[in-house]
There are 2 protein chains.
Amino acid sequence: MKDDTISGEQLLSMLAALANPHRLRIIAALQSQGRNYVSQLAREIGISRPLLHLHLQKLEDAGLVTSQLELSPDGKALNYFEVSRFALEITPAAIAEAAKSLSTHLDP
Amino acid sequence: MKDDTISGEQLLSMLAALANPHRLRIIAALQSQGRNYVSQLAREIGISRPLLHLHLQKLEDAGLVTSQLELSPDGKALNYFEVSRFALEITPAAIAEAAKSLSTHLDP
DNA sequence: TTCATATGTAAGAAAATTATTACACGTGTA
DNA sequence: TACACGTGTAATAATTTTCTTACATATGAA
């Protein structure tokens with residue numbers, strides 16, 4: 001059998017990170033056009049840079065994108081983001097499995 | 001090729017519906033123990049009935065659960081919920097595909 | 001020096017989601 | 001009738017998320 005096991009918290013954080021139209025578009029853009037740095041991506045998607053920064057942070061916290069700070073030829077610091085490789089199989093059974101490890105307000 | 005196509009809005013509404021710990025537990029409970037009616041499910045999960053009602057509504061709006069009103073032997077109206085059969089393949093490519101049909105604030 | 005580019009982040013406003021409480025209604029039984 | 005059980009929902013509060021604006025910093029070029 002495949003080990004598709006994932007913790008409830010992990011699943012939840014990925015779902016929460018994906019549950020936003022801007023963030024879906026961000027992933028789509030990085031997937032289709034490849035890695036990009038923050039300011040440029042903000043221009044392409046049409047949202048403000050601080051707002052994009054916030055969304056990228058959520059995606060990165062969930063492990064869906066990664067970033068790498070680089071120096072451009074002309075000396076600017078560019079923070080490049082790219083999509084992580086991920087594949088979530090979302091089914092009732094997978095959710096039931098993951099939910100076993102979801103903490104409750106009743107937990108010790 | 002498989003037609004895994006899904007609209008951006010549809011994907012988004014499912015992701016949003018899943019991105020909550022209570023709702024994951026609801027799906028897990030219905031999947032593991034089978035269909036159940038609202039009051040009983042509320043007791044099992046340990047949340048109030050109105051709160052469960054709200055979460056069930058979101059899940060139903062997203063098409064992840066369905067409900068059927070039935071009369072118990074002793075005449076009570078019981079609203080039974082069960083999990084829908086769904087399987088979402090969440091990958092960067094699938095998101096890029098779905099995001100094509102995501103409306104923007106810039107749309108006509 | 002000044003301008004244009006890049007970076008990050010803090011503070012507060014706005015909006016959406018989540019949660020509680022209280023109400024209203026229906027049926028069968030004591 | 002009163003109680004216990006089921007249903008739904010409205011109003012409000014609390015919390016979280018989203019968004020904007022403004023500030024601070026750094027580098028290269030004009």
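Computed from heavy atoms alone, side chains included, the values below leave out hydrogens, waters and symmetry copies. All chains are named by letter (A, B, ...) in the order of the sequence lines, taking the proteins before the strands, and each is independently numbered beginning at 1.
Residues from residues 64-79 of chain B with heavy atoms under 4.0 angstrom of DNA chain D, sorted by number: B/Lys76, B/Ala77, B/Leu78, B/Asn79. DNA chain D is contacted by B/Tyr37, B/Val38, B/Ser39 of residues 26-39 of chain B, taking any non-hydrogen atom closer than 4.0 Å.
Contact annotation: A/Lys58 side-chain N/O to D/dT18 OP1/OP2 distance is under 4.0 Å.
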Quick test: give all pairs of protein nitrogen or oxygen and nucleotides 19-24 of chain D nitrogen or oxygen below 3.5 Å, distance rounded to 0.1 Å.
residue: D/dC19; atom: OP2; partner: A/His55; partner atom: NE2; Å: 2.9

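Legend: residues meeting side-chain contact (heavy atoms from CB on, under 4.5 Å) with B/Pro50, ordered by chain and number and at least two apart, are B/Ser48. Residues meeting the ring-ring contact (aromatic ring centres under 6.0 Å, His included) test with A/Phe81, sequence neighbours left out: none. Qualifying side-chain hydrogen bond (donor to acceptor under 3.5 Å, both in side chains) partners for A/Gln57, counting only residues two or more places apart in sequence or in other chains: none. Under the side-chain contact (heavy atoms from CB on, under 4.5 Å) criterion, B/Asn36 pairs with B/Leu30, B/Gln40, B/Leu41, B/Glu44, sequence neighbours left out. In terms of the side-chain contact (heavy atoms from CB on, under 4.5 Å) criterion, residue partners of B/Ser101 (sequence neighbours excluded) are, by chain and number, B/Ser7. Residues satisfying the ring-ring contact (aromatic ring centres under 6.0 Å, His included) criterion with B/His53, sequence neighbours excluded, are absent altogether.
Note that CE of B/Met14 and CG of B/Leu59 are 10.5 Å apart. Values are rounded to the nearest 0.5 Å. Between the CG atom of B/Leu64 and the NZ atom of B/Lys58 there is a distance of 13.0 Å, given to the nearest 0.5 Å.
Using modelled atom types, no side-chain atom of B/Ser32 and backbone atom of B/Ala29 make a donor-acceptor pair closer than 3.5 Å.
The outermost nucleotides of DNA chain C lying under 4.0 Å from heavy atoms of chain A, listed 5' to 3', are C/dT5 to C/dT9.
Counting only residues at least two apart or in different chains, side chain to side chain donor-acceptor pair (under 3.5 Å) contacts with residues 63-73 of chain A comprise A/Arg35-A/Glu70, A/Glu60-A/Ser67, A/Ser72-A/Asp74.
Between A/Val83 and A/Gln31 the shortest heavy-atom distance is CG2-N, 3.5 Å.
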Identify every side-chain donor-acceptor pair in residues 88-100 of chain B under 3.5 Å, counting partners at least two apart or on other chains, and give the distances.
residue: B/Thr91; atom: OG1; partner: B/Ala94; partner atom: N; Å: 3.1
residue: B/Glu97; atom: OE1; partner: B/Lys100; partner atom: NZ; Å: 3.0

